[in-house]
Asker: 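The structure that follows is given in the form of structure tokens.
Letters A, B, ... are given to chains in the order of the sequence lines, protein chains preceding strands, and every chain is numbered from 1.
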Amino acid sequence: MTTGEAAPAFREVAIDVSALARNVERAVAALPSDAPRIIDLGADAFGCGAQRVAPIAATHGCTHALVPRVTEVLALVAANASLTVVCADPLGDAAATELADAGVLIAHRSLAGAQNALSEGANPLAVVLDSGRGTPGITRGELSVLRSAASDAGSELLVVDPALVLGAAVFGLDAGDAPSLPLNEAEPVMTLWAPVVGLKSVGADEGVSYGYRYRTSDSTTLALVSLGYADGLDRAAGNTLDARVGNMTRTIAGRVAMDAFVLDVGADASVTVGDRVVVWGDARTGAPDIADAARRLGTHSAELATRLTARPRRSAVGEPS
Amino acid sequence: MPGLRAHISTGALGRNIDHLRATVSPARLMVVVKADAYGHGALTVARVAQQHGITDLGALDLATALRLRAAGVPPEVRVLAWLYAPEQQFDEAIAARIDLGISRLSELERALDATRRRRAAGDHDAVAHLHLKLDTGLRRNGATAEEWPALVDAVARAEADGLAVARGVWTHIAEASEDDDTEALRRFERGVELARAAGLTRIERHLAASSAGLRRADVRLDMVRMGGHCWGIPSFDGVTPRDIGLEPVMTLTAPVVGVRSDDARAGRVGIVQAGYGDGIPRLAAGLVSVTVDGVRFPIVDVDRDELTVADPDALLTVGQTATLFGTGAHGEQTVREWGDAIGTLGDEITARILPRVPRAVGDEFVG
């Protein structure tokens, strides 16, 4: 605020940039040697922050950043990393001039579109391979046609094969059966946490939060934590997900509200206002694991991370090597 | 072909506010713009609310409150914040004439310290405008019944010293049952009596939010705080927006960007450019539909950047516009229906429509 100091911790997403850098290096090493080194930074890099991730990806071996939407291009160009931005938006042609001016490659998804771009001198020519699902792309058969056409035109061909793009795994996330480069032993990258903002002593059999979906069993202490569904923590996480404070893991007590949830920390707990409550993070430190949280909520971890809103502050921890 | 958009109808918003204001009158209506007005845009909503006579805005946190002031919300419009980081200092809030919700003595002390510092720095009119929060059963923020007497006494002393004005006494109710809410109201009235007995004579009482505020006249008191109903999302069961005189404000549309035969699903599907990376829950698959030209197409898969919808009769073509949710006037589902089907609130869905989705603000949305 006006003091010039950083605002105190309130709702926090910490990105471990060291772990991210190691994941990127391992993924790049796993690519076939002739494959382009493309990282998917769409949806604000799965919620991790594309502008923060881009320079790390560039330093650790990536050459291209893929985004699925024209609306995501500008933030990435502004990050000014030494990555070529590739836009795979099927609506990209409508913004072709702007994108070209910004140095962005449009990755074409139809043979006709690609041939047209080639005839207009596209070099390199970028295309997206069809993955058998989602927005259609270039088929293998069409690709061989384009290979010779590009060769005849003297244009380089950049093939975006979704199965060979660094994706959710380098962010320590699992995106289910969406195609991307798999990665063994990916390290966790994201920690979601918030401080205890209030403590309250209550008696037994007190209802907690909206609908009184949780009742205290004994006299206890309730900790109020400033994270809610408007931060992207599912409302359904109440009475379902764990959170960790100090060395104690407790299930969220009652409904997750828009802005806060409650933990029942017990009458004897040494919890104090300001203590860090971790909703997910590095399981090696005892924090709840995002993959386990995702299973409990019936989804995958990429959704949990990506659907965090802009309200929590993103910050970097660790040092990229 | 236009891309994914969240259309915000300022016309519908204004009509909702007018209707809700008239309904809760003579109580005032506070429009709650926290969480970027549940995804509708806090600044947009603040502007429309002022045009419709609203003098109270609920901000939740200081960042939102200060953003409203910085955008030109004048001091005559009260802006209330009430949830703070531990050890949050209030100098900037006092300077910007933000009303402060106070749940505990430590917050009061910091608010008074900030007021003294502002005065020492030459801001002679600085005063802490306070809304004292009582916990009536929700067990979140708010002073407990045990803590309440000491809190109101301390505020009364600060008023006597000219450092603070207690403008309100308030609470959140649990909405677990009508009886529980009636019990909360009783506890609240007791707290108000104690505050008045301590000498706090300028307080207004506010307890109810969208749900109880619309259903029960006895809980409206001096002011009702509403978010969801302002954007046309019914906050209680069994009614459509129209039933309670409201119109949904947000309409989410996205282009059809592909069609393909899907062997795994043994049929034709359409691809719509909206996904969980835009805030669409993956749980929506199998539960809700998009609508194109009045025809519903069930969502069968939600990926990060796109939805797959069933199109067994091959009706979809690239370039069409699909409506995910809207007013219901063109056959589409409302966000309340989405919430019901998915097992959550419409509020959660709109509040989590991510910044990647451009907001298109206009008077009316013509689908």
Asker: A:Ser201, A:Gly42, A:Gly198, A:Gly207: which one forms the most heavy-atom pairs within less than 4.5 Å of chain B?
Answerer: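 Maximum pair count with chain B is reached by A:Gly42.
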Asker: Using heavy-atom distances under 4.5 Å, tell me whether A:Val196 contacts chain B through its side chain, its backbone, both, or neither.
Answerer: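 Looking at A:Val196, just its backbone touches chain B.
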Asker: How about B:Tyr84 and A:Val197: do any of their side-chain heavy atoms sit closer than 4.5 Å?
Answerer: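 Contact flag for B:Tyr84/A:Val197 side chains = no.
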Asker: Can you tell me how far CG of B:Leu354 sits from OG1 of A:Thr306, rounded to the nearest 0.5 angstrom?
Answerer: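 A:Thr306 OG1 to B:Leu354 CG: 8.5 Å, rounded to 0.5 Å.
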Asker: If you count heavy-atom pairs under 4.5 Å with chain B, which of A:Thr71, A:Asp234, A:Leu222, A:Val262 comes out on top?
Answerer: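 Winner by heavy-atom pair count: A:Asp234.
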Asker: Are B:Asp303 and A:Arg133 close enough for a salt bridge, meaning some N to O gap below 4.0 Å?
Answerer: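 The answer is yes: the pair qualifies as a salt bridge.
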Asker: Give, for atom CD1 of B:Ile271 and atom OG1 of A:Thr135, the distance between the pair rounded to the nearest 0.5 Å.
Answerer: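 OG1 of A:Thr135 is found 6.0 Å from CD1 of B:Ile271.
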Asker: At a 4.5 Å cut-off on heavy atoms, which part of B:Leu83 comes close to chain A: side chain, backbone, both, or neither?
Answerer: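 Both backbone and side chain.
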Asker: For A:Arg311, is there an ion pair with B:Asp36 - N to carboxylate O distance below 4.0 angstrom?
Answerer: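 Salt bridge: no.
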Asker: Should the heavy atoms of other residues, nucleotides or ligands under 6.0 Å from CD of B:Glu178 be counted, would the total exceed 12?
Answerer: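 Enclosed.
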Asker: Could you tell me which portion of A:Asp44 (side chain, backbone, both or neither) has an atom closer than 4.5 angstrom to a non-hydrogen atom of chain B?
Answerer: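 A:Asp44 has no heavy atom closer than 4.5 Å to chain B.
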Asker: In terms of heavy-atom pairs under 4.5 Å with chain A, which of B:Thr308, B:Asp347, B:Val357 leads?
Answerer: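 Top count of heavy-atom pairs under 4.5 Å with chain A: B:Asp347.
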Asker: Are any side-chain N or O atoms of A:Glu206 and backbone N or O atoms of B:Arg139, one a donor and one an acceptor, separated by less than 3.5 Å?
Answerer: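 Judged by distance alone, no pair lies under 3.5 Å.
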Asker: For the pair A:Thr309 and B:Arg352, evaluate side chain to side chain donor-acceptor pair (under 3.5 Å) and give the outcome as yes or no after the intermediate values.
Answerer: CA-CA 6 Å; A:Thr309 67; B:Arg352 297 180 67 182; over 6 Å; no
Asker: With a 4.0 Å cut-off, would you call B:Asp135 and A:Lys200 a salt bridge?
Answerer: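 Yes, this pair counts.
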Asker: To the nearest 0.5 Å, how far apart are CZ in B:Arg140 and OG in A:Ser226?
Answerer: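 Result: 12.0 Å between the selected atoms.
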Asker: On a heavy-atom basis, which atom in A:Pro136 and which in B:Arg260 lie closest, and how many Å separate them?
Answerer: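 The pair with the smallest heavy-atom distance is CA-NH1, 3.6 Å.
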Asker: Please flag which part of B:Ile280 lies under 4.5 Å from any non-hydrogen atom of chain A: side chain, backbone, both or neither.
Answerer: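 Only the backbone of B:Ile280 comes within 4.5 Å of chain A.
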Asker: Just so I understand: if I count every heavy-atom pair under 4.5 Å between each of A:Ala230, A:Gly211, A:Ala310 and chain B, which residue has the most?
Answerer: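 Most heavy-atom pairs under 4.5 Å with chain B: A:Gly211.
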Asker: Of the backbone (N, CA, C, O) and the side chain (C-beta and beyond), which part of B:Val259 lies under 4.5 Å from a heavy atom of chain A, both, or neither?
Answerer: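 Answer is backbone: N, CA, C or O of B:Val259 sit under 4.5 Å from chain A.
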Asker: Can you tell which part of A:Arg235 gets under 4.5 Å to a heavy atom of chain B, answering side chain, backbone, both or neither?
Answerer: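 Contact with chain B involves both backbone and side-chain atoms of A:Arg235.
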Asker: Flag the pair A:Tyr229 / B:Thr344 as yes when at least one side-chain heavy-atom distance between them is below 4.5 Å, and no otherwise.
Answerer: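 A:Tyr229 vs B:Thr344: side chains apart.
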Asker: Side chain, backbone, both or neither: which part of B:Glu87 has a heavy atom under 4.5 Å from chain A?
Answerer: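 Contact with chain A: none, neither part.
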Asker: For the CZ atom on B:Arg5, are there more than 12 heavy atoms of other groups (residues, nucleotides or ligands in this structure) within a distance under 6.0 Å?
Answerer: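 Correct, the count exceeds 12.
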Asker: What closest approach, in Å, do A:Phe10 and B:Ala85 show between heavy atoms, and which atom pair accounts for it?
Answerer: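 For A:Phe10 versus B:Ala85, the nearest heavy atoms are CE1-N, 3.5 Å.
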Asker: Work out which heavy atom in A:Met258 is nearest to a heavy atom in B:Ala35; give both atom names and the distance.
Answerer: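 Looking at all heavy atoms of both residues, the shortest contact is SD-CB, 4.0 Å.
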Asker: Give, as side chain, backbone, both or neither, the part of B:Pro281 having an atom under 4.5 angstrom from any heavy atom of chain A.
Answerer: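 Both backbone and side chain of B:Pro281 come within 4.5 Å of chain A.
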Asker: Hey, what do you get for CG (B:Asp305) to CG (A:Asp40), rounding to the nearest 0.5 Å?
Answerer: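 Rounded to the nearest 0.5 Å, the CG-CG separation comes to 7.0 Å.
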Asker: Mark yes or no for whether B:Tyr276, through its side chain, and A:Ala302, through its backbone, hold a donor-acceptor pair below 3.5 Å.
Answerer: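 Pair absent, no side-chain N/O of B:Tyr276 close to backbone of A:Ala302.
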Asker: To the closest 0.5 Å, what do you measure between CE (B:Met1) and CG (A:Leu91)?
Answerer: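 B:Met1 CE to A:Leu91 CG: 5.0 Å, rounded to 0.5 Å.
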Asker: Name the region of A:Ala94, side chain, backbone, both or neither, that has any atom closer than 4.5 Å to a heavy atom of chain B.
Answerer: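 It is neither, since no heavy atom gets under 4.5 Å.
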Asker: Is it the side chain or the backbone of B:Gln273 that comes within 4.5 Å of chain A heavy atoms, both, or neither?
Answerer: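 Contact with chain A is through both the backbone and side chain of B:Gln273.
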Asker: Is the backbone of A:Ala178 close enough, under 3.5 Å, to the side chain of B:Arg304 for a donor and an acceptor to pair up by distance?
Answerer: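 Not a single qualifying donor-acceptor pair exists.
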Asker: So which part of B:Leu4 gets closer than 4.5 Å to some heavy atom of chain A, the side chain, the backbone, both or neither?
Answerer: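 Just the side chain, heavy atoms under 4.5 Å.
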Asker: Are B:Asp278 and A:Arg69 packed together at the side-chain level, in the sense that at least one heavy-atom pair is separated by less than 4.5 angstrom?
Answerer: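 Of all side-chain heavy-atom pairs linking A:Arg69 with B:Asp278, at least one is under 4.5 Å.
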Asker: Relative to chain A, which segment of B:Asp180 carries a heavy atom at a distance below 4.5 Å: side chain, backbone, both, or neither?
Answerer: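 Interface part for B:Asp180: side chain.
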